[in-house]
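The residues of the chain are indexed from 1 along the displayed sequence.
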Amino acid sequence: MANNTPPQPFIVQTAGKRSVMDYVFPVIIIGGGLYFGNKAWVKYKAGKEAGKLDTPATQAASKIYSAKHWYGDNPQIAFDTAREIALKKIPWKDVSDSFKNLSYGNIDEYLNFLSPEEKVQFFNIINLTQDEDTKFTGKPPAKSSLKYDVINNYCYAVTTKSTNIRKSPEIIGNGGITSLVGSSNIIAVPEINKPLGLMTGIYKLSKDGKTGFIEFYGQVWDSKGMQLKKVWVAASNIKITQFPKKTMEVQAKSYLKGTPFLRIDSLKYNLANS
């Protein structure tokens with residue numbers, strides 16, 4: 001019997017051009033997976049770190065984070081925490097690592113909500129209230145043997161030896177009669193046990209890193225009277241007289257009024273290298 005079925009054409013199928021979405025969609029899927037996977041990992045790490053809030057470093061990191069708010073910052077929380085870090089001898093690296101693990105970011109950048117002076121004071125509290133054997137590996141400046149806190153106390157610098165008072169925190173010139181005008185930043189040389197002035201709380205190292213200087217309000221006198229100027233003295237050459245602001249306000253005012261502070265000649269101040 002003859003087969004009357006017509007022969008079927010042989011069809012060759014070719015792949016059409018792929019659309020942009022054929023390429024973009026997988027990328028979106030993969031990217032989304034990575035994004036949400038990373039977000040879940042960060043959340044997991046933060047939760048795990050938060051579970052360790054009983055550790056001193058994590059507690060300190062959390063307190064520092066709480067000092068900054070959209071409705072108003074509270075630097076005092078940061079200062080109190082700095083004092084706690086020093087007293088408990090908590091390594092700064094541990095605090096920094098905990099801050100990052102809590103997904104708060106870089107703690108040094110976060111502390112920029114403080115003014116430059118407040119940020120320096122934050123690290124001063126950590127360094128200048130700690131014991132000499134305590135080591136920190138974070139951002140704070142090199143520590144001094146001084147222990148002071150200008151946030152809660154009125155702190156006055158007093159010399160422990162004859163020392164140079166400088167217009168800037170650098171060792172420039174010897175201040176002698178052979179020094180040329182402008183070749184030295186020395187503006188006075190007080191004797192031992194001389195009250196210098198109220199400390200600002202700022203502490204800086206010289207550029208060579210060998211000398212730590214503290215800043216105080218110096219009395220600069222001329223024929224017209226006195227002006228307060230911020231000047232510097234080597235931290236190793238002073239001791240501190242301090243009065244708690246909450247309990248010794250009267251004594252502090254009496255000290256300020258009755259103490260013969262160092263008088264700096266305005267001519268020497270103006271001629272000194274700045």
For this session: May I have the step-by-step check of side chain to side chain contact (heavy atoms under 4.5 Å, CB included) for Phe79 and Glu118, ending in yes or no?
Result: CA-CA 9 Å; Phe79 296 141; Glu118 289 172 335; 3.9 Å; yes

For this session: Could you walk me through whether Val150 and Gln242 pass the side chain to side chain contact (heavy atoms under 4.5 Å, CB included) test, one step at a time?
Result: CA-CA 9 Å; Val150 302; Gln242 52 188 330; over 6 Å; no

For this session: Run the numbers on Ile171 and Phe213 for side chain to side chain contact (heavy atoms under 4.5 Å, CB included), then give the verdict.
Result: CA-CA 10 Å; Ile171 298 177; Phe213 288 95; 3.8 Å; yes

Exercise. Please walk me through it: do Trp232 and Lys167 pass side chain to side chain contact (heavy atoms under 4.5 Å, CB included)?
Worked result: CA-CA 6 Å; Trp232 303 83; Lys167 192 174 180 179; over 6 Å; no

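Listed for the Asn185 side chain is a donor-acceptor partner under 3.5 Å among the backbone atoms of Ser168. Proximity of a side-chain donor or acceptor of Ser162 to a complementary backbone N or O of Ile192 within less than 3.5 Å is not detected. Looking only at distances, no side-chain donor or acceptor of Thr200 sits under 3.5 Å from a matching main-chain atom of Phe216. The main-chain N or O of Tyr65 is found under 3.5 Å from a side-chain atom of Tyr110 such that the two form a donor-acceptor pair. Panel note: side chain Asp73, backbone Pro75; no donor-acceptor pair is recorded below 3.5 Å. Formation of a donor-acceptor pair under 3.5 Å by the Lys245 side chain with backbone atoms of Ile151 is found in this model. Remark: the backbone N or O of Asn152 is not paired with any side-chain donor or acceptor of Lys246 at under 3.5 angstrom. Side chain of Asp265 to main chain of Leu267: a donor-acceptor pair is present (N/O by atom type, distance under 3.5 Å, no hydrogens or angles). Under a 3.5 Å cut-off, the side chain of Ser62 and the backbone N or O of Thr58 do not form any donor-acceptor pair. When atom types are taken as modelled, the side chain of Ser254 and the backbone of Gln251 share no donor-acceptor pair closer than 3.5 angstrom.
At a threshold of 4.5 Å between non-hydrogen side-chain atoms, the residues Thr163 and Pro190 count as touching. Annotation: side chain of Pro195 is not in contact with side chain of Thr241 (no heavy-atom distance under 4.5 Å). Contact check for Asp222 versus Tyr269: no side-chain heavy atoms found under the 4.5 Å cut-off. Residues Val233 and Ile214 are in side-chain contact: their nearest non-hydrogen atoms beyond the backbone lie under 4.5 Å apart.
Between the CD1 atom in Ile64 and the CG atom in Asp80 there is a gap of 11.5 Å [rounded to 0.5 Å]. From Ile90, atom CD1 reaches atom OG of Ser98 across 9.5 Å, with rounding to the nearest 0.5 Å. Atom CZ of Phe122 is separated from atom CD1 of Ile85 by 5.0 Å, given to the nearest 0.5 angstrom. With rounding to the nearest 0.5 angstrom, the CG atom of Leu198 is 11.0 Å from the CD atom of Gln219. Atom CD of Gln59 is separated from atom CD of Glu84 by 7.0 Å, given to the nearest 0.5 angstrom. In this structure, CG in Asn106 is found 6.5 Å from OG in Ser96, a value given to the nearest 0.5 Å.
Across all their heavy atoms, Lys239 and Thr159 have their closest contact at CE-O, 4.4 Å. The heavy-atom pair separating Ala61 from Leu102 by the smallest distance is CB-CD1, 4.2 Å.
Side-chain atoms of Lys119 and Asn112 include a donor-acceptor pair closer than 3.5 Å.
Put simply, Ile264 and Val158 are part of two different groups of oily side chains (I, L, V, M, F, W, Y) that touch within less than 4.5 Å, one to the next. By the rule that hydrophobic residues join a cluster once side-chain heavy atoms approach within less than 4.5 Å of another member, Val95 and Phe123 end up as members of one cluster. Under the 4.5 Å side-chain heavy-atom criterion for Ile, Leu, Val, Met, Phe, Trp and Tyr, Tyr104 and Phe113 are members of the same hydrophobic cluster. Follow the hydrophobic side-chain contacts under 4.5 Å out from Leu228 and you reach Leu256 in the same cluster.
You'll find the ring centres of Phe243 and Tyr154 outside the 6.0 Å limit. Here the two rings, on Tyr156 and Tyr255, have centers that are under 6.0 Å apart.
Between Ile165 and the options Ile186, Leu196, Asn237, a side-chain contact (heavy atoms from CB on, under 4.5 Å) holds for only Leu196.
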